[in-house]
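These notes are about the structure you will find just below.
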Amino acid sequence: MDPKTMYKLTYGLFVLTAKEGDKDNGCIINTAIQVTSQPNRISIAVNKSNYTHDMIIRTKEFNVSIISEKAGFDLFKHWGFQSGRDVDKAIGVDLSRAANGICYIANGCNAYLSAKVINTVDLGTHTLFIADVTDGEVLAGDESCTYGYYQSNIKPAPDKAKETKKGWICTICGYIYEGEVLPEDFICPICKHPASDFKPL
C-alpha cells in the first residue's frame, strides 16, 4: 500500500491543552472529531509519548482549540515542535482560560471546546479519549485549518541550504535527521511519523 494514501483523508488541526496543578501544557493534534450530538461527545487520539497525554490520563479534562487558516507557523512550532517535559509552554504566549480552568488559544484559533473524559481506549501508540463536551465558544469567523491547508499554505518550504547536508527530512513536519542512513525503525521526535515519511535531502 502507498502510505501517502492516508494523507488524502481530510481532518483539522487543533491545540490540545490540559492543566495539572499549576502546570499548563498543550500539543498539536489532528484527531478531534464529534462522535455524537446527543449527548454532545467528541473523541481525540493522543500519542502516549506526549506529556499532554499523561496530564489528561490523570486529570480527565482537556480543551481543544480549533486552529484557523489565519494561524501562523509559530503556533505550530510552539505547541508542536517542543515537549512540555522540557519547556514551559505557557511562557511567552497569550493564554485565555475557560470555565474549567484550562487554557485555550484565541490567537490563530476560531473556537474552543472544553471536555471531560468518560472513557479511554488503548490504541497501542495512542490513547483514544471519549469525552463529553462541557463548554465551548466561537472566537472568530475564520475558516478552520485543514491538514492540507497547513501543508500548502502555512508550513514553510524546506530550506535549500539544509538540503545540501547529508540526511533525511520528514515530509510531515520538516524535522531533519542528519546521517547517511536512516534507521528503518526511526520515529520522528517531533510529529511521531515513521521512517517511511522521510525523504533524502
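Both backbone and side-chain heavy atoms feed into the values below; hydrogens, waters and symmetry mates do not.
With sequence neighbours excluded, the residues satisfying salt bridge (charged side-chain N to carboxylate O under 4.0 Å, His left out) with Asp74 are Lys77. When the salt bridge (charged side-chain N to carboxylate O under 4.0 Å, His left out) test is applied to Asp122, the partners found at least two apart in sequence or on another chain are Lys48.
A ring-ring contact (aromatic ring centres under 6.0 Å, His included) check over residues 53-76, counting only residues at least two apart or in different chains, returns the pairs His53-Phe129, Phe73-Phe81, Phe76-Tyr150.
Cluster annotation: Ile154 is connected to Ile172 through the hydrophobic network of ILVMFWY side chains, with a link wherever side-chain heavy atoms come within less than 4.5 Å. Both Ile105 and Ile28 are members of a single hydrophobic cluster when ILVMFWY side chains are connected at heavy-atom separations under 4.5 Å. Note on Leu128 and Ile118: same hydrophobic cluster, where clusters join Ile, Leu, Val, Met, Phe, Trp and Tyr whose side-chain heavy atoms are under 4.5 Å apart, directly or indirectly. Connection of Ile33 to Tyr149 is not established within any shared hydrophobic cluster, with ILVMFWY side chains joined at heavy-atom distances below 4.5 Å, either directly or through further cluster members.
Of the possible donor and acceptor atoms, one in the side chain of Lys23 sits under 3.5 Å from a partner among the backbone N and O of Gly84. Formation of a donor-acceptor pair under 3.5 Å by the Lys116 side chain with backbone atoms of Asp132 is not found in this model. Proximity of a side-chain donor or acceptor of Asn63 to a complementary backbone N or O of Ile102 within less than 3.5 Å is detected. Panel note: side chain Lys19, backbone Gly21; a donor-acceptor pair is recorded below 3.5 Å.
Atoms OG and CD1, on Ser37 and Ile42 in that order, are 13.5 Å from each other to the nearest 0.5 Å. Going from atom CD1 of Ile44 over to atom CZ of Phe14 covers 10.5 Å, rounded to the nearest 0.5 Å. A distance of 12.5 Å separates CG of Leu182 from CD1 of Ile169, quoted to the nearest 0.5 Å. Distance OG1/Thr17 to CG/Asn100: 8.0 Å, rounded to 0.5 Å.
The number of heavy-atom neighbours closer than 6.0 Å to NZ of Lys60, taken from other residues, nucleotides and ligands shown, is above 12. Sparse packing is recorded around CG of Asp22, with 12 or fewer heavy atoms of other residues, nucleotides or ligands lying under 6.0 Å away. Atom CG of Asp94 has 12 or fewer heavy atoms from other residues, nucleotides or ligands within 6.0 Å.
A pairwise comparison of heavy atoms in Thr171 and Lys155 identifies O-NZ, 2.9 Å as the closest pair. The minimum heavy-atom distance between Asn107 and Leu75, with the atom names listed, is O-CD1, 3.4 Å.
Tyr175 and Phe198 have perpendicular rings, their planes meeting at more than 60° on a 0 to 90° scale where under 30° would count as parallel.
Side-chain contact between Asn30 and Leu13 is present, with heavy atoms from C-beta onward closer than 4.5 Å. Within the 4.5 Å cutoff, the side chain of Thr52 has no heavy atoms near those of the Ile29 side chain. With a 4.5 Å cut-off on side-chain heavy atoms, Asp24 and Arg97 count as touching.
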